[in-house]
Structures are given as C-alpha cells and as structure tokens.
Amino acid sequence: MKTLEFIKKSKSYNSNYGGRMFYLFFKCPETGKSYRTVLSENMRNFVKWSKVIHTAQRGDLISNLRFKLYNGKQIIDADSTPIV
C-alpha cells in the first residue's frame, strides 16, 4: 500500500460501458513520479472513491493505494480503498 499526493481530476468522458468516466492524477511525494487511475460511474468500485472525488484538493495525501501493471506501466488499481 502506498500514500500519494492528489493532483487533479480530469474532465469527464463518455464511457464505452455507459455513464461517464474520468482520470485521477497523483504524484509520489518522495520521488515526484506521476501515477493515474481511471474511474467510471457505472463500476461498483466508484463508491470507494467518492470522498476523493468530491473532497480531495491538490496536495492532499491519499493512502491505502495499491498498484497494478497496465500495458507495462504501473498504475493505481481502481479497486483500492483510498483514505483521504
């Protein structure tokens, strides 16, 4: 599990699965490396991210984040249960 600094939420896009989707961007405070995750309103993990989506401000630390590889790049697992 990792703690990252919240940077921003992207504009929303139409999802291929219905509803809207968007990206959340983060940065590691120790290394400065950037990470992202993608969320869709229609997925069950969306509820876990509600507090981050609606209250997080740039610079807030978000903990309890897991990572996974996607196309050879490390991204934040959207099935994480983030803590603001």
Side-chain angles (χ1 to χ4, degrees):
M1 302 291 177
K2 187 86 170 155
T3 299
L4 299 175
E5 182 180 327
F6 179 76
I7 301 299
K8 69 177 182 174
K9 179 177 98 171
S10 74
K11 67 179 184 172
S12 62
Y13 303 92
N14 288 325
S15 171
N16 292 337
Y17 305 102
R20 307 289 291 167
M21 52 87 58
F22 54 89
Y23 295 94
L24 295 180
F25 297 95
F26 298 86
K27 159 176 105 170
C28 178
E30 295 88 28
T31 65
K33 184 172 168 121
S34 297
Y35 297 95
R36 68 176 169 88
T37 193
V38 63
L39 298 169
S40 176
E41 297 172 332
N42 289 351
M43 300 304 208
R44 71 174 180 267
N45 61 4
F46 190 77
V47 156
K48 294 180 184 181
W49 289 88
S50 181
K51 190 170 182 180
V52 175
I53 294 164
H54 297 295
T55 65
Q57 300 288 320
R58 183 180 187 94
D60 286 350
L61 294 178
I62 312 298
S63 62
N64 206 34
L65 299 173
R66 292 179 299 170
F67 294 94
K68 68 179 186 178
L69 284 179
Y70 178 74
N71 289 336
K73 184 173 181 174
Q74 195 174 36
I75 64 169
I76 299 167
D77 187 346
D79 289 329
S80 298
T81 305
I83 299 170
V84 178

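Quick caveat, the model's predicted, so the values are computed rather than measured.
Around CZ of F22, the count of heavy atoms belonging to other residues, nucleotides or ligands within 6.0 Å exceeds 12. Open room surrounds OH on Y70; 12 or fewer heavy atoms of other groups in view lie less than 6.0 Å from it.
Rounded to the nearest 0.5 Å, atoms CG (L4) and CG (D60) are 12.5 Å apart. Atom OG1 in T81 sits 4.0 Å away from atom NZ in K48 (nearest 0.5 Å). Note that CG of N45 and OG of S50 are 12.0 Å apart. Values are rounded to the nearest 0.5 Å. Summarising the geometry, atom CD belonging to E30 is positioned 5.0 Å from atom NZ belonging to K2; distances are rounded to the nearest 0.5 Å. Of the inter-residue distances, the one linking I7 atom CD1 with L24 atom CG reads 11.5 Å to the nearest 0.5 angstrom. Taking CD from E41 and CE from M21, the interatomic distance works out to 10.5 Å, rounded to the nearest 0.5 Å.
The backbone N or O of I76 sits less than 3.5 Å from a side-chain atom of T37, completing a donor-acceptor pair. Of the possible donor and acceptor atoms, one in the side chain of R20 sits under 3.5 Å from a partner among the backbone N and O of S12.
Paired with Y35 under the rule ring-ring contact (aromatic ring centres under 6.0 Å, His included), one option of F25, F26, F6, F67 passes, and it is F67.
The hydrophobic cluster containing I75 does not contain I53, counting ILVMFWY residues as joined when their side-chain heavy atoms lie under 4.5 angstrom apart, directly or transitively.
Residues L39 and A78 approach most closely at CD2-CB, 3.9 Å, considering heavy atoms. Residue G18 comes nearest to S40 through the heavy atom pair O-OG, 4.1 Å, listed as atom of the first residue, atom of the second, then distance. The minimum heavy-atom distance between P29 and T3, with the atom names listed, is CD-O, 3.9 Å.
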